[in-house]
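These numbers come from a predicted model, not from an experiment.
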Amino acid sequence: MSFKKKDNQLYYNPIRRAILNHTLIEPGDKVAIGLSGGKDSSSLLYFLDTIAKQQRLGFSFEIVPISLDMGFEGVDLQPLRAFCQRLGYDLEVVPTKIAEVVFDIRKEQSPCSLCAKLRRGILYNKARELGCNKVALGHHLDDAIETYFMNFLFHGKLNSFEPKSYLSKTEVTLIRPLLYIPEQEIIRFVKREELPIVFNPCPADKKTKREEIKGFVENIAKTYPDVRQKFLMGMEQGTAADFWPLKK
């Protein structure tokens, strides 16, 4: 794996800016990274690992990769384990029965909400058990835009998810260091660096309302190519109270 100087502008500078703007990572933090096997979380581990080892923030912090075994048949996490080992980490795999609960027991017609709730709860509890005070997820700029339009179109709310949220039940803080990076840049990086992608056998994959909104945003971007940068400007210029819901 290698990166060129250009990557500092496309990846590390926006990540560093997001971290510093929102105080996502602080000296001595122990950060759990939720690895789903997808491009976003694998990229997040790679980026934060580089930032930590090169002390690009000017201080030290720890990283703990965690992956949930959802209970689907035919999922091979070995490429993810090997990737973590190559970077110097042991992947913590948590066995779950989420697939059984969501699809067999509850037979959810719209399974994503329940699935996400179960995944987050297990991930946060495991992170706390391992002594982590923060959990990093791989949500990027496009995720923030899509969430904004989903909240607007389906709930009549003008906000997106927060860069940082303290979760009082588990006493960990959720952070999103990739918030300033467009999805297309992550796709490009993953292909060039050949980061591992684990097949997702979920029957609801690519069949959700979020996929519809993703297409909606892509169509807007054809007419207004700078929509992502304008959205980013809006996030940086507005206050948290203006843009993100207040949570405790």
Taking only residues at least two apart or on different chains, which pairs with a member in residues 164-182 satisfy salt bridge (Lys or Arg N to Asp or Glu O under 4.0 Å)?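 Of all non-adjacent pairs touching residues 164-182, those that pass salt bridge (Lys or Arg N to Asp or Glu O under 4.0 Å) are Arg128-Glu171.
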Distance check, rounded to the nearest 0.5 Å: [X] atom [atom1] versus [Y] atom [atom2]?
X	Y	atom1	atom2	result
Lys97	Leu118	NZ	CG	13.5 Å
Tyr124	Leu167	OH	CG	5.5 Å
Ile181	Arg17	CD1	CZ	9.5 Å
Ile15	Leu44	CD1	CG	7.5 Å
Leu35	Leu123	CG	CG	9.5 Å
Met70	Leu77	CE	CG	11.5 Å

Is the backbone of [Y] close enough, under 3.5 Å, to the side chain of [X] for a donor and an acceptor to pair up by distance?
X	Y	answer
Ser67	Ser36	no
Asn21	Ala18	no
Asn151	Asn159	yes
Lys30	Leu130	yes
Lys53	Leu87	yes
Asp76	Gln78	yes
His22	Leu24	no
Tyr11	Glu185	yes

Side chains of [X] and [Y]: closer than 4.5 Å at any heavy-atom pair?
X	Y	result
Met235	Leu141	yes
Ile33	Asp49	no
Ile19	Leu48	yes
Leu232	Pro14	no
Arg228	Asp142	yes
Arg210	Thr147	yes
Phe189	Leu195	yes
Ile51	Arg16	no

Evaluate side chain to side chain contact (heavy atoms under 4.5 Å, CB included) for Ser42 paired with Leu80, printing each intermediate quantity in order. CA-CA 8 Å; Ser42 291; Leu80 207 55; 3.9 Å; yes
Got a sec: does the [atom1] of [X] have more than 12 other heavy atoms crowding it under 6.0 Å?
X	atom1	answer
Lys230	NZ	no
Phe154	CZ	yes
Phe59	CZ	yes
Asn219	CG	yes

Over all atoms of both residues, closest heavy-atom pair of [X] and [Y]:
X	Y	value
Val172	Cys132	CG1-O, 3.6 Å
Cys84	Pro65	SG-CB, 3.9 Å
Ala99	Phe72	CB-CE2, 3.6 Å
Ser41	Gly34	CB-O, 3.2 Å
Val31	Ala136	CG1-CB, 3.8 Å
Ile98	Cys115	CG2-SG, 4.0 Å

Assess the residue pair Val94 and Ile66 against the criterion (side chain to side chain contact (heavy atoms under 4.5 Å, CB included)); give the C-alpha distance rounded to whole Å, side-chain angles, the decisive distance to 0.1 Å, and a yes or no. CA-CA 7 Å; Val94 184; Ile66 302 176; 4.0 Å; yes
Full working for side chain to side chain contact (heavy atoms under 4.5 Å, CB included) between Leu68 and Lys126: CA-CA 10 Å; Leu68 305 187; Lys126 188 62 179 181; 5.8 Å; no
Salt-bridge contact Lys214-Glu211 (side-chain N to carboxylate O under 4.0 Å):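 Salt bridge absent between Lys214 and Glu211.
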Contacts of Phe61 that satisfy ring pair (Phe, Tyr, Trp, His ring centres under 6.0 Å) - sequence neighbours left out: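 By the ring pair (Phe, Tyr, Trp, His ring centres under 6.0 Å) rule, Phe61 matches no residue at all.
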Shared hydrophobic cluster, Ile187 / Leu179 (ILVMFWY, side-chain heavy atoms < 4.5 Å):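 No, it is not one cluster - the side chains of Ile187 and Leu179 are not joined through contacts under 4.5 Å.
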